[in-house]
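These numbers come from a predicted model, not from an experiment.
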Amino acid sequence: MVTRTLRPVRARAAKAVGVEPFQSRAEEVYRQVKQDIADFRLVPGDRFTEHELCARLTVSRTPVRQALFRLQQDGLVEVMFRSGWRVLPFDFDKFDQLYDLRMVLETTAVQRLCLHEMAASSPQLQALKERWLVPVAERSADPAEVAAWDEAFHETLVSAAGNAELARVHHEVTERIRIIRRLDFLQQVRIDATYDEHAKILRAILARKADRADLLLRSHIQTSQTEVRKITLHQVYLAQQVAPAG
């Protein structure tokens, strides 16, 4: 009985001293810095201090520090002794492992979709048709836009398969490979290939041709994985030029 009466008191006390606002601000800082890294406003090797973030985001040091420790756990930044923080270089071995996991998750989802009689009439897949099965003249050439749409395409396929846990794990993988994946859309030839490959995958799924859909999806992901290994500092520089304004 004592425990039940103490909990609300502790919650009110925490709120009174500003714990909840700090947590909210820490979440905002976490999301902003993570987005800065994904959009290449901060690139691998960049260094910054907690003071600089406090000034730029107009927040106190406590939520900034909480956010940075969380980003450190995500493998995005590291603390430098007496010199602030640094955005970590690309870990290509880890990306390879994440791409392998992505392959398992997405091919499993596509197999489930092809076995489902009502998949072709799914509103989610119909929305994908409207975006990807378009004439060449109507295709987007915006690298950032296509990168976001590419993520949405693959996440929608997994979500449409109807397994919430599969979709949750896939989303976590997507978050972790976003920074490297977006570099794949700096060349028009890769944008064109993405449209063509997505269209073929989608048509195979709608026709419930599981083997063909699986083969096409595997080839699509493997090509992207191979392109990742070709990434250079010059591509990162190019990505900075097309990054959304912060």
Inset, instruction - Using the rule that two of Ile, Leu, Val, Met, Phe, Trp, Tyr join whenever any of their side-chain heavy atoms come within less than 4.5 Å, decide whether Leu105 and Leu215 are in one cluster. - result: no
Legend entry - Tyr30 to Ala67 - nearest heavy-atom pair and separation: N-CB, 3.5 Å
Inset, instruction - Give, for atom CG of Leu166 and atom OG of Ser159, the distance between the pair rounded to the nearest 0.5 Å. - result: 10.0 Å
Legend entry - SB check Glu27 Arg31 (cutoff 4.0 Å): yes
Inset, instruction - Measure centre to centre between the rings of His171 and His154, then say whether the value is under 6.0 Å. - result: no
Legend entry - Leu113-Leu115 co-clustered via ILVMFWY side chain contacts under 4.5 Å: no
Legend entry - Val59 to Pro63 - nearest heavy-atom pair and separation: CB-CG, 4.3 Å
Inset, instruction - Return yes if some donor-acceptor pair links the side-chain N/O of Asn163 with the main-chain N/O of Glu165 below 3.5 Å, else return no. - result: yes
Legend entry - CZ-CE distance between Arg218 and Met103, expressed to the nearest 0.5 angstrom: 6.0 Å
Legend entry - Heavy atoms from other residues, nucleotides or ligands near CZ of Arg208 exceed 12 (cutoff 6.0 Å): yes
Legend entry - Co-membership, hydrophobic cluster, residues Val64 and Phe69, 4.5 Å side-chain: yes
Legend entry - Passing candidate, side-chain contact (heavy atoms from CB on, under 4.5 Å) with Tyr99, options Arg181, Lys94, Gln222: Arg181
Legend entry - Heavy atoms of other groups near Arg168 CZ, more than 12 under 6.0 Å: yes
Legend entry - Polar side chain donor-acceptor pair, Ser121 to Gln126, under 3.5 angstrom: no
Inset, instruction - Answer yes or no: is there an ion pair linking Glu175 with Arg178, defined by an N-O contact shorter than 4.0 Å? - result: yes
Inset, instruction - Treating Ile, Leu, Val, Met, Phe, Trp and Tyr as nodes and any side-chain heavy-atom pair under 4.5 angstrom as an edge, say whether Ile201 and Val104 lie in one connected cluster. - result: no
Inset, instruction - May I ask you to check whether Trp149 and Tyr195 place their ring centers less than 6.0 Å from one another? - result: no
Legend entry - Residues Arg56, Asp36: salt bridge by 4.0 Å N-O rule: yes
Inset, instruction - Determine whether the side chains of Thr156 and Gln124 contain a donor N or O and an acceptor N or O closer than 3.5 Å. - result: no
Inset, instruction - First locate atom CG of Leu76, then atom CG of Asp91, and finally report the distance between them rounded to the nearest 0.5 Å. - result: 11.5 Å
Legend entry - With sequence neighbours excluded, residues passing ring pair (Phe, Tyr, Trp, His ring centres under 6.0 Å) with Phe153: Trp132, His198
Legend entry - Trp85 vs Leu71 side-chain heavy atoms within contact, under 4.5 Å: no
Inset, instruction - Check the pair Arg182, Asp150 against salt bridge (charged side-chain N to carboxylate O under 4.0 Å, His left out), reporting the backbone distance first and the verdict last. - result: CA-CA 9 Å; Arg182 290 191 172 186; Asp150 174 67; over 6 Å; no
Inset, instruction - Establish whether Leu88 and Val43 are linked, either directly or via other cluster members, by ILVMFWY side-chain heavy-atom contacts under 4.5 Å. - result: no
Inset, instruction - Return each pair, listed once, that meets salt bridge (Lys or Arg N to Asp or Glu O under 4.0 Å) where at least one residue sits in residues 190-205; pairs must be two or more places apart or across chains. - result: Arg139-Asp196, Asp184-Arg190
